[in-house]
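First the structure, in the form of structure tokens, and then the observations on it.
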2 protein chains.
Amino acid sequence: MQDRERRPDQQTAASVVANHLADLILGELAPGSTLPSEAELAARYDVSRLTIREAVKRLEGRGLLVIARGRKAVVREPDGAAFADFLTSVIRYDPKGLFDLVAVRLSLEVQSAHLAAKHATRASLAAIEGELQGMRDSLAQSDGGLSLELETSFHAHDVGFHEAVALASGNRVLGYLFEAMSQPLREAFFISQRGHAQRGHTPGDTVDAHQRILDCIRTGDSRAAAEAMRLHLKNTERDIRTALSQLALRPAPRE
Amino acid sequence: MQDRERRPDQQTAASVVANHLADLILGELAPGSTLPSEAELAARYDVSRLTIREAVKRLEGRGLLVIARGRKAVVREPDGAAFADFLTSVIRYDPKGLFDLVAVRLSLEVQSAHLAAKHATRASLAAIEGELQGMRDSLAQSDGGLSLELETSFHAHDVGFHEAVALASGNRVLGYLFEAMSQPLREAFFISQRGHAQRGHTPGDTVDAHQRILDCIRTGDSRAAAEAMRLHLKNTERDIRTALSQLALRPAPRE
DNA sequence: TCCCCACAAGGTGTCAGATACCTTTGCCTC
DNA sequence: GAGGCAAAGGTATCTGACACCTTGTGGGGA
């Protein structure tokens, strides 16, 4: 039968190099430091430069390295980009996935606000405040109606506010997850602004909701901060449902 | 000196191909389907086979493809593997990352229990019940002390219980995230059993805690289910801290 | 007839050598 | 001393070739 003995050499040379380099990067090399040149690595591992290239490309795909032409590979600060593909694929394969993702994000952001109220530093509070001010500025520049440009700016500061809260939590995993979820949810949250208006609310209401969250974080009231965030995101979720049902003219269950 | 095609941006040919293929995979190609061979792709994009290889390697690093020797590249079923890989690196990069991850998992599991109480079906309840029974069986087979084998079995059913709850929530993103986080946390939760004993508790206590969670889910009391899960995981977190501090004090060789 | 083995076809893995182009750096001129 | 230019070092890509793996197929033996 097939009692052919299996060599443990199943791994390809490129895999071996990639794994070894990954261990090196995760273990010893600090973010920002550079790898040796391809030629030198090829000599060190006694493989061709092509094999080194493939290993390095794989690590680039994993988000461990940044590669630019004419420069050596640089070890990358870990970020949430690695999850973004995964979450995007979940959404695309399942329409309901969008709301699953929104629900998960709600849960994580509530915890972010909770932890931020406990661990926020002066610097992280200033960062949150800055984004809130950015939202106000975008609003102040508009005379009555929001132009698309200002709407985009307003939205960017909105997302920035939430990201600043996630960072203020002091929990790095929360920050990574937030970043990863932002990408696939970007469109959804953008159209939530339309739904917000369709439900009879103004951008000023959104600013107020953020202000309340910031106040709670500043005073260190973690329970209130979590609740304020939960309320705000529940409203956002309703905005998304409203905007989507308007767009698709789909009979959506009212809440 | 005939420069081929002037790309105004810095994008390399391999990047263009990789991005295009990524869009294709995330948008149209179903998991399990195969990509054309390298030679065919090279002809289609009018680049060399080497460039195709580098693009494909990058996608493999991103977890979008599975590549084996002698076979065409296969589109990968979305799972938490790439995600798990990244989380593992976070833990290794930062010791505090372990507890960040535990905290995030707590938040997600509390929501899982909350949603499971609302959406559990008869089948998913049976799955949860089955894992709980498995924990009891592992315990019943032990006379007094748990052997390493039974300890492993007990732990496997413990993890299975939590996974069953995540699946019962009906939120696919929660299920994927749970799967992704389980891998890097496996060791931590395993040693939590040691800490559990060191803090004067018995495996029976663990079974009881799970039973309470299941009861709440079965009766549809989402608030109580969330609270029961939160209490249980807070205890587990304490177990991990206890076990880790014991290990640090008296490092014992693993069998 | 059925099973097993050998072989061919198609695929990926890896090597070597070469050219184009980008980045950095240091020298040289003004 | 400042600005420009050229060389060095690095990556991006191509061509061509060979090794090895996987799968399917057909022939030979039980």
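Computed from heavy atoms alone, side chains included, the values below leave out hydrogens, waters and symmetry copies. Chain naming here is simple, since letters A, B, ... match the order of the sequence lines and numbering starts at 1 in each.
Considering only side-chain N and O atoms, B:R71 lies under 4.0 angstrom from the phosphate OP1 or OP2 of D:dT23. Between B:K72 and D:dT23 there is no side-chain polar atom (N or O) within less than 4.0 angstrom of OP1 or OP2.
Of all heavy-atom pairs between B:L65 and B:A73, the closest is CD1-CB, 4.3 Å. Closest approach of B:S112 and B:A166 over heavy atoms only: OG-CA, 3.8 Å. The shortest heavy-atom contact between B:S138 and B:S153 is OG-OG, 2.7 Å. Residues B:I128 and B:A168 share a closest heavy-atom pair of CD1-CB, 4.1 Å. Between A:V165 and A:M229 the shortest heavy-atom distance is CG1-CE, 4.1 Å.
The bend of the helix from C:dT1-D:dA30 to C:dC30-D:dG1, defined by the angle between the axes of its first five and last five pairs, stands at 10° to the nearest 10°.
As a whole-Å value, the separation of A:E38 CD from D:dA8 P is 21 Å. When the C1' atom of D:dT11 is taken as reference, atom CD of A:E60 falls 12 Å away, rounded to whole Å. Remark: C1' of C:dT12 and CZ of B:R69 are 7 Å apart, rounded to the nearest angstrom. Distance A:Y45 OH to C:dC15 C1': 19 Å, rounded to the nearest Å. As a whole-Å value, the separation of B:I67 CD1 from D:dC21 C1' is 15 Å. Atom CD of B:E40 is separated from atom P of C:dA9 by 19 Å (rounded to the nearest Å).
The backbone N or O of B:D100 sits less than 3.5 Å from a side-chain atom of A:N171, completing a donor-acceptor pair.
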Please lay out, stage by stage, how B:M181 and B:V104 fare under the test side chain to side chain contact (heavy atoms under 4.5 Å, CB included).
CA-CA 9 Å; B:M181 302 179 84; B:V104 169; 3.7 Å; yes
Let me see the working for A:K57 and A:E60 under salt bridge (Lys or Arg N to Asp or Glu O under 4.0 Å), right down to the final yes or no.
CA-CA 5 Å; A:K57 288 294 173 192; A:E60 185 192 12; 3.7 Å; yes
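Defined by atom type and a distance below 3.5 Å, a donor-acceptor pair is present between the side-chain atoms of A:D158 and A:H210.
Of the residues in residues 47-56 of chain A, those lying under 4.0 Å from DNA chain D by heavy-atom distance are A:R49, A:R53.
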